[in-house]
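All remarks here apply to the structure that follows.
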Protein chains: 2
Amino acid sequence: MSQTVDRALSILPLLAEGPADLGQVAERLDVHKSTALRLLRTLHEHGLVYRQSDQRYRLGARLFALAQEAVENLDVREIAHPHLVELNAKIGHTVHLAVYEENEVLYIDKVESRYPVRMYSRIGKPVAITVAAVAKLLLADLSEPERRAVAERLDYPMYTPRSTPDATAFLKELTVVREQGWATDLGGHEESINCIGAPIRGADGRVVAAMSVSAPSVVVTAEELLTLLPVVRRTADAISREYSGNTPT
Amino acid sequence: MSQTVDRALSILPLLAEGPADLGQVAERLDVHKSTALRLLRTLHEHGLVYRQSDQRYRLGARLFALAQEAVENLDVREIAHPHLVELNAKIGHTVHLAVYEENEVLYIDKVESRYPVRMYSRIGKPVAITVAAVAKLLLADLSEPERRAVAERLDYPMYTPRSTPDATAFLKELTVVREQGWATDLGGHEESINCIGAPIRGADGRVVAAMSVSAPSVVVTAEELLTLLPVVRRTADAISREYSGNTPT
DNA sequence: ATGGGCGTTGCAGAGGATGCAACGGGCCAG
DNA sequence: CTGGCCCGTTGCATCCTCTGCAACGCCCAT
């Protein structure tokens with residue numbers, strides 16, 4: 001809608017690919033160098049881009065702070081976190097929390113027991129939307145036409161032979177998930193990883209987030225993982241209750 | 001430099017404080033509602049702001065993805081990480097990695113052994129720049145006039161009685177750190193937490209990052225922590241060597 | 001019903017963004 | 001050492017695009 005801002009913001013994903021110099025930015029934006037320079041300067045003033053010692057630009061530090069504060073405004077996460085930690089302590093597997101936003105499903109929290117992984121390897125990263133249990137849960141709650149629209153728009157990469165192959169299969173899966181109130185991902189993303197997930201609902205019954213438990217099949221079989229379903233659902237329900245209760249702040 | 005972009009970007013920190021509606025944004029920017037609307041729309045198209053169900057705007061999900069990719073471009077972090085993990089395995093305490101950028105010092109990695117903390121509670125967050133060991137290390141490497149300029153500009157919150165009280169004390173501390181090549185924070189941020197840190201240098205000898213080890217004083221006394229200094233410095237030096245060696249890629 | 005609040009749209013005018021051309025500094029090769 | 005090249009930077013005139021206004025429509029509360 002606003003050309004200048006649009007151009008400026010287009011620089012960010014561009015720099016996300018890696019550092020670039022003025023000429024490269026100008027070329028990619030298809031504008032004159034002097035224009036690119038002014039845009040970059042403005043971004044720089046706001047800390048969104050940083051000029052490294054070789055004069056090339058890369059994404060800046062303020063982005064962290066903003067992403068940070070963005071996540072802190074998500075009150076679901078705040079309420080859910082202690083529950084996730086508790087569940088993790090109980091069953092030992094990795095626990096994820098995810099939300100749906102603007103055609104993307106993304107993890108907003110993760111609790112991992114075994115070893116301290118670099119958490120940012122997942123947090124904030126869009127999930128494999130066609131196969132992840134949390135994605136199925138979040139999309140299943142959309143209205144039928146919305147589900148259809150999203151399903152048609154997606155790609156269906158075959159991460160493994162058990163990945164969701166196409167829109168038809170995906171929509172069918174969403175219907176199942178919608179009715180049973182929980183979801184699985186049995187080796188659909190990575191051959192040896194299974195997940196089970198449950199939805200977190202707001203006071204109006206709509207799904208506001210989804211949580212999942214993941215475990216490698218070498219540790220627990222899919223059947224064993226499914227025995228955890230009750231406790232996972234109980235946790236999700238507890239979060240739902242607390243979230244609904246707190247809503248009228 | 002570019003008014004339109006400048007205004008648009010000013011919306012982000014504003015929304016970081018919490019969700020806001022169109023009128024509030026327009027007022028804070030001191031522009032007409034229609035102008036604010038167009039700016040918000042553009043930000044929205046780029047996923048930087050999200051319009052929640054009550055029509056108010058808040059920071060959007062794409063910010064995660066960007067911050068995510070930003071951190072992945074920091075090659076110091078990549079090189080340092082395995083070393084930090086190794087050190088953590090050896091001594092068991094929390095290990096931090098931080099860089100200086102645009103008048104801010106911020107953590108870009110953290111390895112915590114005991115329990116899986118919410119990593120993003122620290123990663124990306126600006127550190128207590130007047131007291132943290134890593135901050136001292138990074139600032140100590142600036143030129144004298146730069147140090148002075150930064151020191152004057154800072155606030156000196158007294159987190160504890162042992163916090164750095166003012167610019168004079170801070171500059172003196174920086175001189176010490178600069179000469180000895182390592183730094184401490186003994187209860188300067190939180191009464192019961194001590195840290196020791198060492199600098200990571202690039203091929204040109206300049207400090208590109210700093211690492212630190214933190215431990216609660218109830219577990220190890222400050223004196224005991226200081227006995228770890230050699231191994232911390234060795235780790236930092238190992239990272240420096242690898243970083244310098246890899247630089248001519 | 002009716003008024004107020006809020007978001008939205010179309011438009012004309014003006015202010016700002018754009019691209020051009022020229023400058024300057026660093027770097028490499030001759 | 002010197003020339004030339006590349007890249008970032010600056011000032012400026014032109015034109016585009018952003019801006020603020022006013023009017024509309026919608027929803028909610030009175």
Side-chain angles (χ1 to χ4, degrees), chain A residues 1-15 17-60 101-102 143 202-204 206 247-249, chain B residues 1-15 17-60 73 101-102 143 202-206 247-249:
Chain A
M1 285 254 99
S2 169
Q3 189 189 58
T4 316
V5 178
D6 186 56
R7 284 173 172 169
L9 296 182
S10 301
I11 294 176
L12 297 178
L14 191 159
L15 290 184
E17 297 170 15
D21 63 28
L22 179 62
Q24 294 169 325
V25 172
E27 191 184 5
R28 289 282 296 268
L29 285 186
D30 199 29
V31 296
H32 196 269
K33 278 187 304 178
S34 57
T35 303
L37 180 68
R38 237 168 318 105
L39 297 176
L40 280 164
R41 274 222 259 257
T42 311
L43 289 168
H44 181 92
E45 275 174 21
H46 286 260
L48 298 185
V49 310
Y50 175 72
R51 191 149 203 199
Q52 43 190 30
S53 46
D54 61 355
Q55 282 209 125
R56 291 191 307 167
Y57 295 89
R58 62 168 171 76
L59 294 179
E101 182 174 319
E102 308 280 332
S143 70
D204 54 359
R206 298 223 45 181
T247 304
T249 306
Chain B
M1 286 254 97
S2 169
Q3 190 188 57
T4 316
V5 178
D6 186 54
R7 284 173 172 169
L9 297 182
S10 302
I11 294 176
L12 298 178
L14 191 158
L15 290 184
E17 297 169 16
D21 63 27
L22 179 61
Q24 293 170 324
V25 172
E27 191 183 4
R28 287 281 297 268
L29 285 187
D30 199 30
V31 297
H32 196 270
K33 278 187 304 177
S34 58
T35 305
L37 180 68
R38 237 168 317 106
L39 297 177
L40 280 164
R41 275 222 256 260
T42 313
L43 289 168
H44 180 91
E45 275 174 22
H46 287 260
L48 298 186
V49 310
Y50 176 73
R51 190 150 203 197
Q52 41 190 30
S53 45
D54 62 353
Q55 280 209 125
R56 292 191 305 166
Y57 296 90
R58 63 168 171 74
L59 294 179
N73 285 333
E101 184 173 317
E102 309 279 330
S143 70
D204 54 0
R206 297 222 47 180
T247 303
T249 305

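These values consider heavy atoms only, across backbone and side chains, with no hydrogens, waters or symmetry-generated copies.
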A side-chain contact here means heavy atoms from C-beta on lying under 4.5 Å apart; do [X] and [Y] qualify?
X      : Y      : value
D54(B) : D21(B) : no
H46(B) : D6(A)  : yes
T35(B) : L29(B) : no
L39(B) : V25(B) : no

Mind calculating the distance between [atom1] ([X]) and [atom2] ([N]) to the nearest angstrom?
X      : N       : atom1 : atom2 : value
L22(A) : dT9(D)  : CG    : P     : 7 Å
D6(A)  : dC16(D) : CG    : P     : 19 Å
D21(A) : dG8(D)  : CG    : C1'   : 10 Å
L40(A) : dG8(D)  : CG    : P     : 10 Å
D54(B) : dG7(C)  : CG    : P     : 10 Å

**Study point:** Residue pairs, two or more places apart or on separate chains, that pass salt bridge (charged side-chain N to carboxylate O under 4.0 Å, His left out) and touch residues 22-40 of chain B
**Key:**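 Sorted result for residues 22-40 of chain B: E17(B)-R28(B).
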Point to revise | Angle by which the axis turns from one end of the helix from dA1(C)-dT30(D) to dG30(C)-dC1(D) to the other, five pairs per end, to 10 degrees | key: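 Here the helix ends are tilted 40° relative to one another.
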Check your understanding: Taking atom CG of L15(A) and atom CG of L43(A), what is their separation to the nearest 0.5 Å?
Key ->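 L15(A) CG to L43(A) CG: 8.0 Å, rounded to 0.5 Å.
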**Study point:** Over all atoms of both residues, closest heavy-atom pair of L9(A) and T42(B)
**Key:**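 Shortest heavy-atom contact: CD1-O, 4.0 Å.
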Check your understanding: Can any side-chain N or O of H32(B) pair as donor or acceptor with the backbone N or O of S34(B) at less than 3.5 Å?
Key ->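 Pair found, side chain donor or acceptor close to backbone of S34(B).
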Practice item. May I ask you to say what R51(B) touches in the nucleic acid, namely base, sugar-phosphate or nothing, with a heavy-atom cut-off under 4.0 Å? Key: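 The residue R51(B) makes sugar-phosphate contact but no base contact.
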Check your understanding: Which letter, B, S or -, goes with each nucleotide of nucleotides 9-23 of chain C from 5' to 3', with contact meaning a protein heavy atom under 4.0 Å?
Key -> B------SSBBBB--
